[in-house]
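A short worksheet on the structure shown next.
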Amino acid sequence: MTALAAAPAGADLPFRLAGIDLVADLSGALLWEDQRLLVVSDLHLEKGSSFARRGVLLPPYDSAATLSRLTRLVLRHDPRTVIALGDSFHDREGHDRLGAADRDAIAALQRGREWIWIAGNHDPDVPAEAGGTVVAELSIGPLAFRHEPTGGRGEIAGHLHPKARVATRGRAIDRRCFASDGLRAIMPAFGAYAGGLSIRDPAFAAIFRSTAFTAHVLGDRRMHVIAASRCC
Amino acid sequence: MSGAADIPDSPEALPAAFVRWFAERGWTPRRHQLALLAKAHARRSALLIAPTGAGKTLAGFLPTLVDLAGGGPKGRLSSTGRGISRGGLHTLYISPLKALAVDIARNLEAPIAEMALPVKVETRTGDTPVSRRQRQRRYPPDILLSTPEQLALLLSSDDAPFLFSSLRRVVLDELHALVTSKRGDLLALGLARLFTLAPELTTIGLSATVADPDALRRYLVPQASTVAAMADLVIADAGAQPIVEMLDTQERLPWAGHSARHALGEVYDLIRRNKTTLVFVNTRSQAEMLFQELWRINDDNLAIALHHGSLDVAQRRKVEDAMAAGRLRGVVCTSSLDLGIDWGDIDLVINVGAPKGASRLMQRIGRANHRLDEPSRAVLVPANRFEVLECKVAIDAVAENAQDTPPERQGALDVLAQHVLGRACAAPFLADELYDEVRAAAPYSALSRTDFDDVVEFVATGGYALKSYERFARIRQDAAGRWRVANPKVRQSYRLNVGTIVEEQMLKVRLVRSRAGGAGPTGAIGRGGRMLGEIEEYFIEGLVAGDTFVFGGEVVRYEALVEDEVYVSRSNDTDAKVPSYMGGKFPLSTYLADRVRRLLADQDAWRGLPDQVREWLTLQRRLSRVPGASEMVVETFPRGGKSYFVCYPFEGRLAHQTLGMLLTRRLERARARPLGFVANEYALAIWCVGDVAAMIRHRMLDLDALFDADMLGDDLEDWLAESALMKRTFRNCAIISGLIPRRFTGEEKTRRQVLFSTDLVYDVLRKHQADHVLLRAARADAATGLLDLRRLSDMLARIRRHITHRDLDKVSPLAVPVMLEIGREAVYGEASDELLAEAAEELVRDAMADG
């Protein structure tokens with residue numbers, strides 16, 4: 001969809017977490033402007049070819065689609081640091097299967113900035129050829145970046161692929177979203193083929209220890225803040 | 001038409017044993033039964049068109065029974081390397097319903113036993129145990145009764161040449177129903193394969209009356225590249241002309257809705273006065289509602305049952321058995337009983353609501369009284385004023401025996417992909433040979449070589465422009481150029497995915513005790529209540545806890561979704577909050593729509609209409625305008641601070657929904673600020689914040705431009721990018737074509753956490769390879785399926801320069817029905833941001849209230 005390119009200024013949402021001012025971008029990325037830091041989660045690159053290996057020949061364009069969205073995002077914000085919050089590759093061989101153009105795209109993204117791969121359960125050991133730095137987790141000030149959420153204060157995690165389903169007037173709308181209670185946040189998956197898990201799944205209540213959290217829902221042209229309890 | 005002359009009048013062709021058997025029963029062989037026998041002797045394929053009750057099935061099997069009574073053709077004794085066998089099948093019978101196959105097997109037992117014929121009959125359906133299926137492949141019966149899916153499976157096995165090389169005859173039952181869907185495409189491809197495997201093969205098609213018999217005649221024989229070959233045609237004597245009436249209600253006719261509640265007492269009275277009545281309705285929710293209401297007034301405690309596709313199978317069987325045993329006085333049913341087993345003693349058919357199509361109505365009427373010489377009786381019960389018009393023209397159409405069955409299909413490319421993979425599973429094939437064979441199937445006779453090659457590429461490596469999947473190929477070419485299955489897993493996966501029926505994701509509905517203020521995801525809901533049936537997942541997705549809907553004949557309250565079960569509790573509400581779900585909604589046929597428009601345009605013909613309806617139309621003529629036959633009237637009027645825009649295309653709900661989506665986009669661009677729309681079978685109403693009437697008055701909005709066919713260009717493209725209906729269509733194609741397995745072998749997907757979503761695949765593919773063969777298949781479906789694009793485009797051409805605008809100060813009589821749909825039906829429009837914003841607003845409101 002062209003929502004990102006067409007996103008008017010102001011479509012993004014100020015987002016305060018553990019006392020830090022962040023911006024939730026309509027594309028599903030998180031921006032820490034003071035640090036010029038950009039965070040994306042669950043890119044799941046080469047998910048298509050991962051299925052193809054097992055005979056499900058999904059279109060092989062998912063990596064290109066994900067990387068071109070990421071490129072536009074990076075061009076727009078020109079961050080000093082990019083954190084990929086784990087599950088950047090759909091499986092351990094994911095990076096090996098990347099096409100030449102996609103490798104070039106990653107190299108171009110990394111040029112002139114710090115690039116951090118956080119290890120995820122799908123890609124516990126990102127190979128050195130992928131460039132950048134690989135770490136298990138990372139703390140900056142009061143914020144902690146890791147793939148799998150633990151519920152810790154100031155934690156920004158991914159892994160669960162939150163999505164919100166809002167039903168109204170006999171119609172249901174399903175969208176990716178951030179889930180946060182102001183102290184911790186779970187980011188939406190950024191990957192083109194990454195599916196979603198409803199924020200009403202018990203996994204989320206376990207992290208937030210209640211349903212008193214909100215969904216920052218990625219709409220077509222703007223973000224919407226909706227109570228988790230309002231979603232289904 | 002060939003062959004009318006050589007039909008024997010006397011039963012010469014019938015062996016003595018058969019003549020005796022008929023005589024012992026006091027029967028005389030019917031003319032068409034003997035005609036089919038003569039066709040078989042002449043080794044001709046034939047289409048039999050006969051009304052229900054004409055002994056169609058016996059006619060179809062008589063040639064085979066006569067063949068086999070005489071010991072069958074010589075040379076069927078063969079050594080197969082598996083021991084001596086009598087050989088393969090003699091006759092294959094294919095029906096759309098497995099229940100029908102089982103029923104026919106039972107019916108054939110009698111003549112075979114009574115004439116002591118050396119004939120073995122067996123069925124093979126999805127329910128047949130594996131051991132019997134294996135035995136059938138080694139020691140096939142003489143006659144096998146089966147379904148299109150089972151035929152595809154048999155053809156994909158390496159036993160296929162052994163099983164089918166001696167096949168003499170294929171009998172295709174309910175052919176008119178089979179050919180209208182992708183199942184018909186799959187069957188046509190299977191048939192083309194059979195013609196290659198069995199050089200002696202002829203076919204018999206059994207069909208109800210259709211608009212274009214020649215299409216069915218082509219379907220039955222292999223097509224050559226130059227002239228269209230056709231099977232011979234045998235038409236049985238028509239039965240007595242049915243007696244069809246419209247209920248002359250004493251009550252006030254409703255303006256809108258489909259419940260026909262007003263006529264409830266009259267319907268009940270009809271059931272009471274007849275022995276057994278079938279009450280057809282168009283949707284499951286209507287069936288639910290009517291059933292419930294009938295029991296509310298069932299003072300005589302008449303045995304009235306309910307039958308529809310989402311009821312528990314066991315419960316449906318119970319109803320069918322009670323029906324067959326004559327224990328029921330009435331059955332409220334949907335199209336689930338359109339086809340199928342003979343029930344015997346039904347003396348009245350009631351059709352509640354719109355008939356939708358003339359042929360459909362005639363087939364339903366035919367369910368009453370299976371004795372040919374007596375007329376079937378039917379009563380039509382229109383549920384609102386527009387439906388009165390539709391019932392009137394449908395009755396005229398029945399009197400003229402005018403048919404409106406759908407036109408011939410173009411074979412679908414996703415089905416072809418499935419077939420190609422099946423062929424590779426059976427044996428290696430050469431592309432050139434398969435291309436020729438496939439074009440012998442009538443729906444694929446015009447298939448281009450490019451499309452065929454694209455499909456083969458798709459089956460092999462996905463058919464992507466980016467050639468990165470060569471190493472993952474499912475089929476590969478060997479040195480001789482023959483395509484072979486790349487590994488045994490491909491075969492396994494084909495078998496698990498065969499078929500063209502993509503079930504909606506269904507959820508089980510369980511009746512539980514009501515929530516009593518418990519906490520947690522399911523609260524204090526008790527588990528283990530009674531199972532009511534199954535419901536489409538997408539319907540449940542639109543509900544929030546506390547919403548009520550009608551299911552299993554009662555109003556229930558949605559409580560929670562637990563695993564794959566929907567928990568509902570009893571509700572005291574008399575009206576369901578969420579009224580309908582889509583199961584079984586057909587659009588009004590083009591033919592009836594045209595007749596309704598002509599009826600409206602012809603004021604003299606209004607005399608045949610009930611007073612209430614005539615008054616309504618007369619008022620419309622006075623206050624606004626009654627549309628002419630090829631005219632489209634657009635009305636605008638203010639109401640409740642909004643500006644309404646109502647038009648009357650009469651093209652059915654699906655086409656109207658698509659039109660609504662496209663018009664709202666255009667109105668948005670014209671800054672009319674549309675908020676939403678509703679559509680019914682006849683009209684479309686859009687409401688806007690902007691003053692549409694003034695915009696038209698001041699020529700800021702040009703109606704000819706608004707309805708210009710170019711909306712099917714860029715606007716359509718934009719909408720298709722995000723249309724949920726298009727995504728559903730794509731998903732079906734992805735599954736049928738074998739791109740995405742129905743189920744993963746050896747891999748359970750976690751409930752509610754989908755491995756990947758076809759919507760995401762659609763987005764990516766559309767952007768990176770817009771002409772991919774699967775997208776082409778989905779587009780072809782969209783032309784006739786959920787989006788009804790072809791009909792929309794025909795309509796736009798028809799109304800060009802025939803648009804009349806009426807600038808009104810209030811709602812017109814004709815607009816009342818569609819206006820009343822607002823609030824009853826889901827509001828359409830893809831403006832998700834607005835709906836999300838609404839939900840966000842609630843948060844703000846709640847927060848303010850808490851503070």
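So that the names make sense, note that chain A is the first sequence line, chain B the second, and so on, each numbered from 1. Everything numeric in this text was worked out from a predicted model, so none of it was measured.
- Between Val56(A) and Leu739(B) there is no side-chain heavy-atom pair separated by less than 4.5 Å.
- Rounded to the nearest 0.5 angstrom, Glu46(A) CD and Ser468(B) OG are separated by 7.5 Å.
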**Request:** Kindly determine whether Leu58(A) and Val764(B) satisfy side chain to side chain contact (heavy atoms under 4.5 Å, CB included), including the steps that lead there.
**Result:** CA-CA 10 Å; Leu58(A) 298 184; Val764(B) 168; over 6 Å; no
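- Of all heavy-atom pairs spanning Leu760(B) and Ala192(A), the tightest one is CB-O, 3.4 Å.
- Using the six-membered ring where Trp is involved, Tyr61(A) and Tyr464(B) have ring planes that are perpendicular, over 60° apart on the 30 and 60° scheme.
- Heavy atoms of Ala205(A) lying under 4.5 Å from chain B are absent altogether.
- Taking both residues in full, the closest heavy atoms of Gly462(B) and Leu57(A) are given as N-CD1, 3.5 Å, listed atom of the first, atom of the second, then distance.
- When the candidates Ala64(A), Ser49(A), Gly55(A) are compared by the number of heavy-atom contacts under 4.5 Å with chain B, Ser49(A) comes out ahead.
- A distance of 10.5 Å separates CZ of Phe51(A) from OH of Tyr469(B), quoted to the nearest 0.5 Å.
- Within a 6.0 Å sphere centred on CG of Asp714(B), heavy atoms belonging to other residues, nucleotides or ligands number 12 at most.
- In this structure, no portion of Ala734(B) lies under 4.5 Å from any heavy atom of chain A.
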